[in-house]
Asker: 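Let me begin by handing over the structure; questions about it come next.
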There are 2 protein chains.
Amino acid sequence: MNTPADQFGGRASLTRRISDDIRRRILAKEWAPGEKIHSESELSTNYKVSRVTVRTALKTLEYQGLVDIRHGSGTYVNNFGRSIPTGLNELRSMSETISELGYEPGMEYKVATIRPATKTEIDKLRLDNADPVLYLERAVLADGKAVAFSYDTINISSLPEEVVEEMKQGSVFASLDTINSRPIRALAEVDAVISKEIGWGDERPANDLFLLLQQVHYAGDGEPLMYSKTYFMEGRFQFLILRTR
Amino acid sequence: MNTPADQFGGRASLTRRISDDIRRRILAKEWAPGEKIHSESELSTNYKVSRVTVRTALKTLEYQGLVDIRHGSGTYVNNFGRSIPTGLNELRSMSETISELGYEPGMEYKVATIRPATKTEIDKLRLDNADPVLYLERAVLADGKAVAFSYDTINISSLPEEVVEEMKQGSVFASLDTINSRPIRALAEVDAVISKEIGWGDERPANDLFLLLQQVHYAGDGEPLMYSKTYFMEGRFQFLILRTR
DNA sequence: TAGTCAATAGTTGTCCTACAACTAGTCTTG
DNA sequence: CAAGACTAGTTGTAGGACAACTATTGACTA
């Protein structure tokens, strides 16, 4: 075969691959902030895809806040600096985010058990009865230093046993990847919390202050996969949100 | 004239108008969560626009998390309930958000002065020197009750004087609307804060706990319009973020 | 000279038609 | 009854065309 897509590979949609590649080029500073990037026709001939595909890809980047498309003029790189690509709008695993920020990611497991689901978990994960779930308590590390404490509940009702075993030690996202059911969407709620019950070890903040990110991850078919409460220690992490009209 | 767009009016792009209308129909429960909506061809003949326009509009709704587009199958309404439309991803004024949640919005002005910009403000608003700015301190009310305290700095260097005067009392967004320069993008940072310096009156929280939303609003041409720090009182407001891949 | 306006080339927005790729159900066949 | 082929319907991509808009250039005017 010699389809135009072959220069990239993978089985994601053509639009997705083009979008990812242009994103990469922008982050690699191929164009300076505020600068006009190549026109849609030019990109489409270079990538050997139709203009429709390029347009859809650029629309994605516009929605992510990376570029600004102006009718009759061109597509311009926004100058939000390095902020956007590490924002909360894009769903990434903690490890991915940490390494994108230039730190060495790590996890410290405190609890990893299979137990019946609680009422809240049955509700959030849309379980029918007291199905067993995988419950994890972990410290999230950046360069060996704890930045957050995470309390996660994973819906294992449709997961093979070996994958569940793997999750007890490694990255949850990575394990889900192996069976091709990585979450594609998450709904997160943010709260400020003061509590002496949260966290452990001598890296806990003295004032008991945390930023709580409470979220439910969903699979491609809309099924809830994981319910997690992550308590971030103030000042050791930056949360950015891009808001658009 | 009798162009296809006439059934809606306004001068927003065709795609934008179609997208808004389908969004309205979904929120009006025309289709139940999980249900498949009309096909792209059907929508395009009904709206009397091309399938390309409908596709672009649906893509927008997919980014917003309202629908799920499945290759070869159809477009399905996501079942996130009423959460998404009030989320942080869409840029709305405080008043808009509060009334969407079913409360009566209000503002209580404490300070409204024009003064030279501080160092931080010069940086955030990209001002050249110590230009004068409009500084506001306000309590945000829902049903007459304070839910947040807001400290806002507005870049008035390119605003006519009467608009600035109007802002001292009414809604900032509404005033900007009159001269057609409403912000279209904002970059927000979220923090948890404990401070005795924030807020006033007897509705302040006893534990001095706030969720800080620190954001810069940008106009369509990329110019920073407003830098604001809004301190929300924990529990009186819900912050939702949709994260997608 | 300075300012206004028309012309123009370039770019994004929308349209049309066609076909490829995929999904989910129906039907056939052993 | 189960497995596989078939099929109608839907989204993804292609290619070409024109409309709408932007920014610049250059001519004309006061």
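All heavy atoms count here, side chains included; hydrogens, waters and symmetry mates do not. All chains are named by letter (A, B, ...) in the order of the sequence lines, taking the proteins before the strands, and each is independently numbered beginning at 1.
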Asker: Looking at dC15(C), I'd like to know if its phosphate oxygens (OP1 or OP2) sit under 4.0 Å from a side-chain N or O belonging to Ser50(B).
Answerer: yes
Asker: Hey, is OH on Tyr103(A) packed in by over 12 heavy atoms from elsewhere, all under 6.0 Å?
Answerer: no
Asker: Are Ile184(B) and Leu91(B) packed together at the side-chain level, in the sense that at least one heavy-atom pair is separated by less than 4.5 angstrom?
Answerer: no
Asker: What is the separation between atom CZ on Arg16(B) and atom P on dC21(D), rounded to the nearest whole Å?
Answerer: 17 Å
Asker: Name the residue closer to the 5' end of DNA chain D, choosing between Val54(A) and Tyr76(A) according to the nucleotide with the nearest heavy atom.
Answerer: Val54(A)
Asker: Within the 4.0 Å limit for protein heavy atoms, which parts of nucleotides 7-13 of chain C are touched? Write it as a string from 5' to 3', B for base, S for sugar-phosphate only, - for none.
Answerer: ---BBBB
Asker: Of all residues at least two apart in sequence or in a different chain, which pass the salt bridge (Lys or Arg N to Asp or Glu O under 4.0 Å) check with Glu165(B)?
Answerer: Lys168(B)
Asker: Is any side-chain heavy atom of Gln64(B) closer than 4.5 Å to one of Tyr63(A)?
Answerer: yes
Asker: Who are the salt bridge (Lys or Arg N to Asp or Glu O under 4.0 Å) partners of Glu189(B), not counting sequence neighbours?
Answerer: none
Asker: Check this for me: does any side-chain nitrogen of one of Asp20(A) and Arg16(A) sit under 4.0 Å from a carboxylate oxygen of the other?
Answerer: yes
Asker: What integer distance in Å separates Tyr47(B):OH from dT14(C):P?
Answerer: 15 Å
